[in-house]
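Quick note: numbers below take in every heavy atom, side chains included, and nothing from hydrogens, waters or symmetry partners. Source: prediction; values computed, not measured. One-based numbering along the sequence shown.
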Amino acid sequence: LQIGSNEIHLCNLARNVVALSQILSTRIDYIDYIADPVVSRDAEFISVYRKFDKIVRCFSAAAQQERRNRISLRGSSDGTVYGPAIFEIIPYLLLDNALKYTPNDNEIVVSIEESSRSIYCIVSSIGPTIDPDELELIFSGHYRGRHAKNSGRPGSGMGLATLRRLVVNAYQGNISINTKDSSFQLSGVPSSEISFQIEFPRSKMN
């Protein structure tokens, strides 16, 4: 039995729709978590690599078809973190932010590494330069970098604030940004390679 490329595309699309509907449900759970953090009593052991892999798969087909962008997942980890079952929002926010600003025909690299105590997640892409005085401000809520504003891409400034709140409060991790010194112009906007780096404490389960 031969399956054509259209059938394969439809199967992948169907899987992505199901996965994205699950993410929507997770976002609703996140709203509940913000309203009442006590829901963390329903915490569980979460495989970081598997959650990132799922979100990468969800975004990859659309990124390739719409803007010819590639998303690569590198590294591996069998480690888990312990926390509420809303973890998928973290890779969702990271990739949503990266895809918003990455120019066509470019690659977004997601790297997962681990040590005996920590799991490291790094998302690297090209985007509007973040000036040194903005490195903390962009996590504060309702703040967008000056070059991001000039990019013409929509945004509320709340995505990164939500991201840090989840990383720090729900999973006791930390997040930082690394920007390369070299900057170049894309459509008149100063741009550079930007990496969001998250460190999670590895759960004692493994």
Side-chain angles (χ1 to χ4, degrees), residues 13 16-17 19-20 23-24 26-27 30-31 34 51-75 86-112 120-168 173-199:
L13 181 60
N16 287 346
V17 168
L20 288 171
I23 296 168
L24 177 59
T26 302
R27 293 182 69 145
Y30 170 69
I31 295 172
I34 293 300
K51 293 299 185 182
F52 269 83
D53 180 57
K54 176 180 177 180
I55 302 304
V56 166
R57 290 175 183 272
C58 287
F59 276 102
S60 288
Q64 181 67 39
Q65 184 174 6
E66 294 173 11
R67 300 175 60 184
R68 302 185 302 280
N69 287 332
R70 302 172 303 283
I71 306 176
S72 299
L73 178 60
R74 302 176 183 176
I86 52 176
F87 186 88
E88 288 176 4
I89 296 177
I90 291 173
Y92 176 89
L93 289 171
L94 284 167
L95 284 177
D96 183 61
N97 184 74
L99 282 166
K100 181 190 301 183
Y101 298 111
T102 300
N104 292 0
D105 296 301
N106 274 274
E107 183 177 26
I108 297 167
V109 177
V110 181
S111 301
I112 309 293
Y120 306 92
C121 308
I122 304 166
V123 176
S124 302
S125 61
I126 294 173
T129 298
I130 303 173
D131 292 330
D133 63 312
E134 300 179 308
L135 291 176
E136 283 298 315
L137 288 173
I138 62 170
F139 290 115
S140 63
H142 298 296
Y143 180 87
R144 295 189 70 201
R146 54 183 66 94
H147 301 303
K149 288 181 180 178
N150 293 332
S151 71
R153 302 290 184 183
S156 64
M158 289 304 298
L160 295 181
T162 300
L163 176 63
R164 180 157 75 172
R165 184 172 184 175
L166 266 176
V167 168
V168 175
N174 60 73
I175 183 170
S176 60
I177 303 174
N178 180 51
T179 61
K180 291 218 171 162
D181 293 336
S182 58
S183 181
F184 46 88
Q185 297 281 326
L186 286 175
S187 301
V189 177
S191 303
S192 56
E193 183 177 328
I194 300 170
S195 295
F196 286 85
Q197 306 175 3
I198 301 178
E199 179 182 1

For this session: Kindly write out the residues that satisfy side-chain contact (heavy atoms from CB on, under 4.5 Å) with Asn174, not counting sequence neighbours, or none if the list is empty.
Result: Glu199
Exercise. Atom CG in Leu160, atom CZ in Arg144: separation rounded to 0.5 Å?
Worked result: 10.0 Å
Seminar exercise, completed: Smallest heavy-atom separation, Tyr101 atom then Gly127 atom, equals CB-CA, 4.1 Å
Exercise. Nearest heavy-atom pair of Leu137 and Tyr143: which atoms, and what distance?
Worked result: O-CB, 3.5 Å
Seminar exercise, completed: Residue set satisfying side-chain contact (heavy atoms from CB on, under 4.5 Å) with Thr129, at least two apart, ordered chain then number -> Asp131, His147, Ser183, Pro190, Ser192
Exercise. Using 4.0 Å as the upper bound for N to carboxylate O, is an ion pair formed by Arg74 and Glu107?
Worked result: yes
Exercise. Which residues satisfy the side-chain contact (heavy atoms from CB on, under 4.5 Å) test with Leu135, sequence neighbours excluded?
Worked result: Ile130, Ile177
For this session: Taking the side chain as every heavy atom from C-beta outward, state whether Ile71 and Leu99 have any atom pair closer than 4.5 Å.
Result: yes
Exercise. Can you tell me how far the CG atom of Asp133 sits from the CD1 atom of Ile138, to the nearest 0.5 Å?
Worked result: 11.0 Å
Exercise. Atom CZ of Arg57 and atom CZ of Phe52: how far apart are they, to the nearest 0.5 Å?
Worked result: 15.0 Å
Problem set entry | Donor-acceptor under 3.5 Å (Gln197 side chain, Asn178 main chain) | no
Seminar exercise, completed: Between Ser140 and Ala161, the two heavy atoms sitting closest are C-CB, 4.1 Å
Exercise. Which pair of heavy atoms, one from Thr102 and one from Asn69, lies closest together, and at what distance?
Worked result: O-ND2, 3.7 Å
Exercise. How long is the gap from CG on Asn106 to CZ on Arg70, to the nearest 0.5 Å?
Worked result: 7.0 Å
Problem set entry | With Ser176 via side chain to side chain donor-acceptor pair (under 3.5 Å) - residues at least two apart | none
For this session: For residues Phe59 and Asp96, determine if any side-chain heavy atom of one lies less than 4.5 Å from a side-chain heavy atom of the other.
Result: yes
Exercise. Among Asn97, Ile122, Val110, Leu93, which one satisfies side-chain contact (heavy atoms from CB on, under 4.5 Å) with Phe196?
Worked result: Asn97
Seminar exercise, completed: With sequence neighbours left out, the residues meeting side-chain contact (heavy atoms from CB on, under 4.5 Å) with Lys100 are Arg153
Exercise. Does Glu136 have any side chain to side chain donor-acceptor pair (under 3.5 Å) partners at least two apart in sequence or in another chain, and if so, which?
Worked result: Arg164
For this session: Give, for atom OG of Ser187 and atom CG of Asn150, the distance between the pair rounded to the nearest 0.5 Å.
Result: 12.0 Å
Exercise. Where do Val189 and Ser151 come nearest, in terms of heavy atoms and distance?
Worked result: CG2-CA, 3.9 Å
For this session: Search all heavy atoms of Phe184 against all heavy atoms of Ile126 and return the closest pair with its distance.
Result: CZ-CG2, 3.8 Å
Exercise. How far does CG of Leu95 sit from CD1 of Ile108, to the nearest 0.5 angstrom?
Worked result: 6.5 Å
